[in-house]
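In what follows, a single structure is set out as structure tokens and then discussed.
Order of the sequence lines sets the chain letters (A, B, ...), proteins ahead of strands, with each chain counted from 1.
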Number of protein chains: 2
Amino acid sequence: MVNSRFSVAIHILSLIATTSDKSQLTSDYIAGSVNTNPVVVRRMIGVLKKAGLLTSQTGIAGYDLLVEPKDLTLLAIYQAINGPEQLFAIHDEPNPDCTVGRKIQCTLEGVYTSVWHAMEEQLQAQTLQDVLDQLR
Amino acid sequence: MVNSRFSVAIHILSLIATTSDKSQLTSDYIAGSVNTNPVVVRRMIGVLKKAGLLTSQTGIAGYDLLVEPKDLTLLAIYQAINGPEQLFAIHDEPNPDCTVGRKIQCTLEGVYTSVWHAMEEQLQAQTLQDVLDQLR
DNA sequence: CAAACCTGTAACTATAATGGTTACAACGGG
DNA sequence: CCCGTTGTAACCATTATAGTTACAGGTTTG
């Protein structure tokens, strides 16, 4: 199972998008909604900030989205967190003296690429706004 | 990143499907091709056996597929290993007193279900035979 | 200015997953 | 019987994950 960071990120971004009173929107408050630690929240927000999805200012409560929810795809969020990392791991150094071992890595990469493309399409098709609509 | 078990399973099944001399096909030999430990191989084979993909007999070298490579989808292999497990984790117990927290789990499940379906289709569309063809 | 907030980040910890390893019981074939 | 094999339990090392403490530095308010 993949870790829960993607879930936490979507939760955080949803809160930022829907909370009108910015002074209320502290890492402590967000942590209370997500049910985790404020530092975990700030750490995740740091990642999303680096990816250009939001801004914040040291010392001041509140965060601002830099992308409209309707323009923020789940794929963009996913990539902000995981980078270009492969989804499935391939075992290291299979035996090159074996017909299977020699070509298995390359073959699996092809398989995983097609699987990943299918996921990508789904993530691209859904935006933060879609999530917000379902949270109503 | 997801663990490498799926990759290892496909590798093992490919070897079983392509090795004609069964007395050669020991867990030790397979481990040599995969580049891992014989026990890791036997452990994985135990899982695949429980799922009904192959047979073996204590004390005798060799394994036999119970499903023709052309009928063995990568989805079947994936499910043999991972069961019905969700792909993405969702964080526990978000705050029910919060509009977002209250409905985020349900919403994310919907999102992940659509993503998983897309993956499923890709895995269903490819068989072990397709993999074997690419290993040539 | 001082106190009370906040963010940003480093560092440490506990827990769990993963894969490798040793060990051994049980089986089969020469 | 003897040797090689499968099937498993048990243990270990490594790593990822998330939680936590601590603190530097910014902001606001009285």
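Look at A:Lys70 and A:Asp130 and you find no salt bridge, because none of the NZ, NE, NH1 or NH2 atoms lies under 4.0 Å from a carboxylate O. A salt bridge links A:Asp64 with A:Lys22; the closest basic N to acidic carboxylate O contact falls under 4.0 Å.
Toward the 5' end of DNA chain D, the nearer of the two residues B:Tyr63 and A:Gly59, judged by each one's closest nucleotide, is B:Tyr63.
In this structure, CE of A:Met44 is placed 16 Å from C1' of C:dG8, rounded to the nearest angstrom. Across the protein-nucleic acid pair, B:His91 atom NE2 and D:dT17 atom C1' stand 15 Å apart, rounded to whole Å. Put simply, CG on B:Asn3 is 5 Å from P on C:dT18, counting in whole angstrom units. Taking atom CZ of A:Arg5 as the reference point, atom C1' of D:dG19 lies 12 Å away to the nearest angstrom. Spacing between atom NZ of A:Lys22 and atom P of C:dT7 amounts to 14 Å, rounded to whole angstrom units. For B:Met1 and C:dT18, the CE to P distance is 13 Å, given to the nearest whole Å. The distance from atom CG of B:Asp92 to atom P of C:dT15 is 16 Å, rounded to the nearest whole Å. In this structure, A:Glu93 places its CD atom 12 Å from P of C:dG20, rounding to the nearest Å.
Residue A:Gln57 has its side chain nearest to D:dT27 when only D:dT27, D:dG7, C:dG8 are considered. Minimum atom distance to the side chain of B:Ser4 is reached by C:dG19, of the listed C:dG19, C:dG28, C:dG8.
Within the nucleic acid shown, B:Lys49 comes within 4.0 Å of sugar-phosphate atoms alone, with no base atom in reach, counting heavy atoms only. The residue A:Lys50 sits apart from the nucleic acid: no heavy atom pair falls under 4.0 Å.
Residues B:Asp28 and B:Thr26 have side chains that never bring a donor and an acceptor to within less than 3.5 angstrom of each other.
A 6.0 Å sphere centred on CD of B:Glu85 holds more than 12 heavy atoms belonging to other residues, nucleotides or ligands.
In this structure, the side chain of A:Thr73 does not engage the main chain of A:Thr127 through any donor-acceptor pair within 3.5 Å. Under a 3.5 Å cut-off, the side chain of A:Glu109 and the backbone N or O of A:Ile104 do not form any donor-acceptor pair.
For DNA chain C, the neighbouring residues in residues 27-43 of chain B, judged by any heavy atom under 4.0 Å, are B:Thr36, B:Asn37, B:Val39, B:Val40, B:Arg42, B:Arg43.
Between A:Phe88 and A:Tyr112, the two ring planes are tilted [angle within 30° to 60°].
Between B:Ser56 and D:dG7 there is a side-chain polar atom (N or O) within less than 4.0 angstrom of OP1 or OP2.
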